[in-house]
J.: 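Can you read through this structure? Questions will come right after.
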Amino acid sequence: MNGKFLTASALAATMTFGAIAPALADGAASTRNILIGGAAAAVLITNYNHKKRAKQEENREQTRRQASYRSYYYNHYGHYPSEGQYRNWYYRNYGMWPSN
């Protein structure tokens, strides 16, 4: 109980004294922080979108490879490969396990 009270007191003090500092800031610092924050957000959003599109492209390519292999296997053997056969083939040919 004492630890919870101490933690709550520390958080309350931090919020109280932390609220005083922005009131003392001048306009230039506020504007600078807004611009820096906006630039950082723009970079993070761009980076996230780039990584998301790369992952989507990787998934489309993997799906295309899977469909191609399953079609080949069906035409050659008369039935579709099991999931394990597909995963082993993918690993042998591309050096990594498929994500699905």
Side-chain angles (χ1 to χ4, degrees):
M1 175 90 168
N2 196 14
K4 289 182 182 179
F5 178 74
L6 184 62
T7 304
S9 298
L11 288 173
T14 303
M15 290 172 39
T16 301
F17 294 118
I20 295 172
L24 301 175
D26 61 347
S30 175
T31 303
R32 181 189 66 232
N33 290 342
I34 290 170
L35 292 175
I36 290 172
V43 168
L44 290 174
I45 290 170
T46 303
N47 201 13
Y48 171 76
N49 284 337
H50 175 71
K51 289 179 184 280
K52 181 179 174 187
R53 288 175 191 263
K55 184 64 175 174
Q56 287 174 338
E57 179 61 32
E58 179 183 325
N59 286 341
R60 279 193 297 270
E61 182 66 19
Q62 182 177 317
T63 301
R64 185 198 62 77
R65 289 173 179 167
Q66 180 180 12
S68 177
Y69 176 68
R70 289 183 190 272
S71 174
Y72 155 77
Y73 196 94
Y74 183 79
N75 289 333
H76 194 264
Y77 296 106
H79 59 89
Y80 290 107
S82 69
E83 185 65 24
Q85 289 172 320
Y86 161 70
R87 290 179 60 80
N88 289 333
W89 168 84
Y90 196 93
Y91 183 78
R92 280 193 319 270
N93 286 295
Y94 298 106
M96 62 182 173
W97 294 104
S99 60
N100 55 1

J.: Counting distance only, does the side-chain N/O of Asn93 pair as donor-acceptor with the main-chain N or O of Trp89 below 3.5 Å?
T.: yes
J.: Closest approach of Tyr90 and Trp97, non-hydrogen atoms and distance?
T.: CD2-C, 4.2 Å
J.: Quick one: are Glu83 and Tyr86 in side-chain contact, heavy atoms under 4.5 Å?
T.: yes
J.: Is the shortest heavy-atom distance from the side chain of Gln62 to the side chain of Tyr94 under 4.5 Å?
T.: no
J.: Okay, side chain of Ser71, backbone of Ala67: is any donor-acceptor separation there less than 3.5 Å?
T.: no
J.: Which value, rounded to the nearest 0.5 Å, describes the distance between Tyr74 atom OH and His79 atom NE2?
T.: 10.0 Å
J.: Output all residues satisfying salt bridge (charged side-chain N to carboxylate O under 4.0 Å, His left out) with Arg53, sequence neighbours left out; order by chain, then residue number.
T.: none
J.: Just wondering, do Val43 and Tyr48 contact through their side chains at under 4.5 Å, heavy atoms?
T.: no
J.: Measure the CD-OG distance between Glu58 and Ser99 for me, rounded to the nearest 0.5 Å.
T.: 6.5 Å
J.: Glu61: which residues meet the salt bridge (charged side-chain N to carboxylate O under 4.0 Å, His left out) condition with it, sequence neighbours left out?
T.: Arg64, Arg65
J.: Give me the atom names and distance for the closest heavy-atom approach of Tyr73 to Gln85.
T.: OH-NE2, 3.3 Å
J.: Run the ring pair (Phe, Tyr, Trp, His ring centres under 6.0 Å) test against His76 and tell me which residues pass, sequence neighbours left out.
T.: Tyr72
J.: Are Ile36 and Leu44 connected in the hydrophobic side-chain network, where two residues link if heavy atoms are under 4.5 Å apart?
T.: no
J.: Among His50, Gln56, Lys55, which residue meets the side chain to side chain contact (heavy atoms under 4.5 Å, CB included) test with Lys52?
T.: Gln56
